[in-house]
Colleague: 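One structure, as structure tokens, below. Some questions next.
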Amino acid sequence: MSTLERPGVPAAALNELARRLDETRVYPDEPLAIHTTYRIGGPADLLYVATTAQELQDAAMSARELGVPCFVLGMGANILVGDRGIRGLVIKNRGQAVQFLGENRVRADSGVVVRDLLEETVARGLSGLEHFAGIPSTVGGALWQNLHFLAPDRKSTLFLGDRVEEARILDEQGMVCTVHRDYFRFGYDDSILHHRQDLVLDVTLRLEPASAQTIEQVIQSNLHWRWQKHPDLVAFPSAGSVFRKAEGYGAGRLIDQCGLKGRVIGRAQVSPKHANFIVNLGGARASDVLSLVDLCQREVRTRFGIELELEIMRVGEF
């Protein structure tokens, strides 16, 4: 029996898809735990590493043509992959093209890591991305989530979507087109990409001139604030904040008031540092995380009458 043959996805379609892609970058039955910040997740039927926007487009179109489900993976942050993995094709988006267009504009492939783009923009004295320092994300993932940062003074929230001028997408109908910012309907932890099967190929951002020294000071200030407030991602893998802000209340504060900080199920733990983070103590399963999610939701509902909504996205089979 082919290692690609799994219930729900015909082996012939998977094998044909693998044949069309660059075999040096196709990985059957690839464990997804090593591709996510949570270090959790079962295997993908196929994982393909796309190194350009064109490769991303071609792989997605081939999967659609063959009827193979397709999921695009950036840095694997803000998601929880099920213990049984993801059926079909997972495209690891690693496009690297960055082009400075003049007039303080930059175009970047959706696979470009925000950290790397930030380094290039700082070197050119362009401000606007420094508030997202330390947040693991690709440019495409940042658009999908409308990446945001709550300023340390807690008086303002800064959104990546505010910097978007236009983007080139592969839409649901298989057409490549350029859309402007309004198309994305950016909201808090939300965009049109949550509700349509569009795929971002590249995006143009409008930034502002500033001195590299000034930008670097903001970066260091934000990194220090993040280090003080959030658990270390290397020592305690996570997907970031688990729950959305609830009706004016921080979810972490509500969970803490329920006495759940430090609670452990399996190898997952409600972080003792910030209760809106559920961390992997090493070897955690998605089911461990979901058990803690259920516990936090139940206790907050019972004590405060508030429903906590997930901010992280569940992906694959649980």
Side-chain angles (χ1 to χ4, degrees), residues 21 25 35-37 47-65 68-79 86 88-101 105-118 120-121 128-129 132 135-149 158-207 240 311-313 315:
L21 303 173
R25 286 182 276 121
H35 298 282
T36 70
T37 60
L47 183 137
Y48 168 65
V49 180
T51 59
T52 68
Q54 188 63 54
E55 289 178 352
L56 171 63
Q57 175 186 329
D58 292 344
M61 291 183 70
S62 290
R64 292 180 184 184
E65 179 183 336
V68 174
C70 177
F71 179 76
V72 177
L73 182 70
M75 294 191 70
N78 212 59
I79 63 172
I86 299 178
L89 174 68
V90 173
I91 304 174
K92 189 164 186 178
N93 189 10
R94 283 293 176 265
Q96 296 297 306
V98 175
Q99 181 182 8
F100 289 88
L101 306 173
R105 296 156 64 237
V106 59
R107 179 185 298 134
D109 283 355
S110 59
V112 171
V113 175
V114 171
R115 178 193 62 240
D116 297 338
L117 182 60
L118 175 57
E120 295 201 42
T121 56
L129 301 180
F132 309 110
I135 303 177
S137 179
T138 58
V139 171
L143 262 68
W144 183 87
Q145 189 68 9
N146 192 14
L147 192 66
H148 63 272
F149 173 68
L158 306 170
F159 295 94
L160 189 283
D162 292 339
R163 294 292 174 182
V164 172
E165 183 175 90
E166 63 181 25
R168 197 164 55 93
I169 67 169
L170 175 67
D171 71 12
E172 287 185 333
Q173 288 72 43
M175 299 294 293
V176 175
C177 53
T178 298
V179 297
H180 291 83
R181 180 188 179 280
D182 290 346
Y183 175 84
F184 290 99
R185 301 179 189 173
F186 288 119
Y188 194 92
D189 287 327
D190 193 28
S191 73
I192 194 68
L193 302 173
H194 285 233
H195 313 288
R196 287 176 55 89
Q197 297 302 310
D198 297 333
L199 180 61
V200 176
L201 302 175
D202 58 48
V203 60
T204 300
L205 304 172
R206 184 173 291 277
L207 305 176
E311 179 173 328
I312 60 174
M313 182 174 69
V315 183

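On a predicted model such as this, the values are computed, not experimentally measured, just so you know.
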Colleague: Among all residues two or more places apart in sequence or in another chain, which pass the side chain to side chain donor-acceptor pair (under 3.5 Å) test with Arg105?
Modeller: Glu165
Colleague: Measuring from atom CG of Leu143 to atom CG of Asp198, what distance do you get when rounded to the nearest 0.5 angstrom?
Modeller: 11.5 Å
Colleague: So how far is it from Thr52 OG1 to Asp58 CG, rounded to the nearest 0.5 Å?
Modeller: 7.5 Å
Colleague: Who passes side-chain contact (heavy atoms from CB on, under 4.5 Å) against Ala53, sequence neighbours left out?
Modeller: Asp109, Arg168, Leu201
Colleague: Between Leu193, Val200, Leu199, which is the residue that forms a side-chain contact (heavy atoms from CB on, under 4.5 Å) with Val72?
Modeller: Leu199
Colleague: Taking all atoms of both residues into account, what is the closest heavy-atom pair of Met75 and Arg94, and its distance?
Modeller: CA-NH2, 4.3 Å
Colleague: Tell me if the CZ atom of Arg185 is crowded by more than 12 foreign heavy atoms within 6.0 Å.
Modeller: no
Colleague: May I ask you to test the Phe100-Thr121 pair for a side-chain heavy-atom distance under 4.5 Å?
Modeller: yes
Colleague: In Å and rounded to the nearest 0.5 Å, what is the CZ to CG distance from Arg181 to Asp162?
Modeller: 5.0 Å
Colleague: Are Leu73 and Ile86 packed together at the side-chain level, in the sense that at least one heavy-atom pair is separated by less than 4.5 angstrom?
Modeller: no
Colleague: Would you call Leu89 and Leu21 a side-chain contact if the rule is heavy atoms closer than 4.5 Å?
Modeller: yes
Colleague: Who passes side-chain contact (heavy atoms from CB on, under 4.5 Å) against Met61, sequence neighbours left out?
Modeller: Gln57, Leu170
Colleague: So does Gln197 have more than 12 non-hydrogen atoms from other groups sitting under 6.0 Å from CD?
Modeller: no
Colleague: Considering non-hydrogen atoms only, spot the tightest contact between Asn93 and Gly111 and give its length.
Modeller: ND2-N, 3.3 Å
Colleague: What closest approach, in Å, do Gln145 and Glu311 show between heavy atoms, and which atom pair accounts for it?
Modeller: NE2-CG, 3.8 Å
Colleague: Please walk me through it: do Arg196 and Asp171 pass side-chain contact (heavy atoms from CB on, under 4.5 Å)?
Modeller: CA-CA 8 Å; Arg196 287 176 55 89; Asp171 71 12; 4.2 Å; yes
Colleague: Kindly assign one of parallel, tilted or perpendicular to the pair His194 and Trp144, based on the angle between their ring planes and the thresholds 30° and 60°.
Modeller: parallel
Colleague: OG1 of Thr138 to CG of Leu117: how many Å apart, nearest 0.5 Å?
Modeller: 11.0 Å
Colleague: For Asp116, what residues pass the side chain to side chain donor-acceptor pair (under 3.5 Å) criterion, not counting sequence neighbours?
Modeller: none
Colleague: If you define the side chain from C-beta out and look only at heavy atoms, does anything of Leu118 sit under 4.5 Å from Val113?
Modeller: no
Colleague: To the nearest 0.5 Å, what is the distance between NE2 on His148 and CZ on Phe132?
Modeller: 9.5 Å
Colleague: Mind listing the closest non-hydrogen atom pair of Asn146 and Gly161 along with its distance?
Modeller: OD1-N, 2.9 Å
Colleague: Which heavy atom of Cys70 sits nearest to which heavy atom of Ala63, and what is that distance?
Modeller: CB-CB, 4.0 Å
Colleague: Specify the closest pair of heavy atoms between Phe186 and Ser191, including all atoms of both residues, with the distance to one decimal.
Modeller: CD2-CB, 3.9 Å
Colleague: Could you check Gln96 against Thr51 for side-chain contact (heavy atoms from CB on, under 4.5 Å), going step by step and ending with a plain yes or no?
Modeller: CA-CA 7 Å; Gln96 296 297 306; Thr51 59; over 6 Å; no
Colleague: Looking at residues at least two apart in the chain, or sitting in another chain, which of them share a ring-ring contact (aromatic ring centres under 6.0 Å, His included) with His180?
Modeller: none
Colleague: In Å, rounded to the nearest 0.5 Å, how long is the span from CZ of Arg107 to CG of Leu205?
Modeller: 11.0 Å
Colleague: Just to verify, what does Tyr183 make a ring-ring contact (aromatic ring centres under 6.0 Å, His included) with, not counting sequence neighbours?
Modeller: none
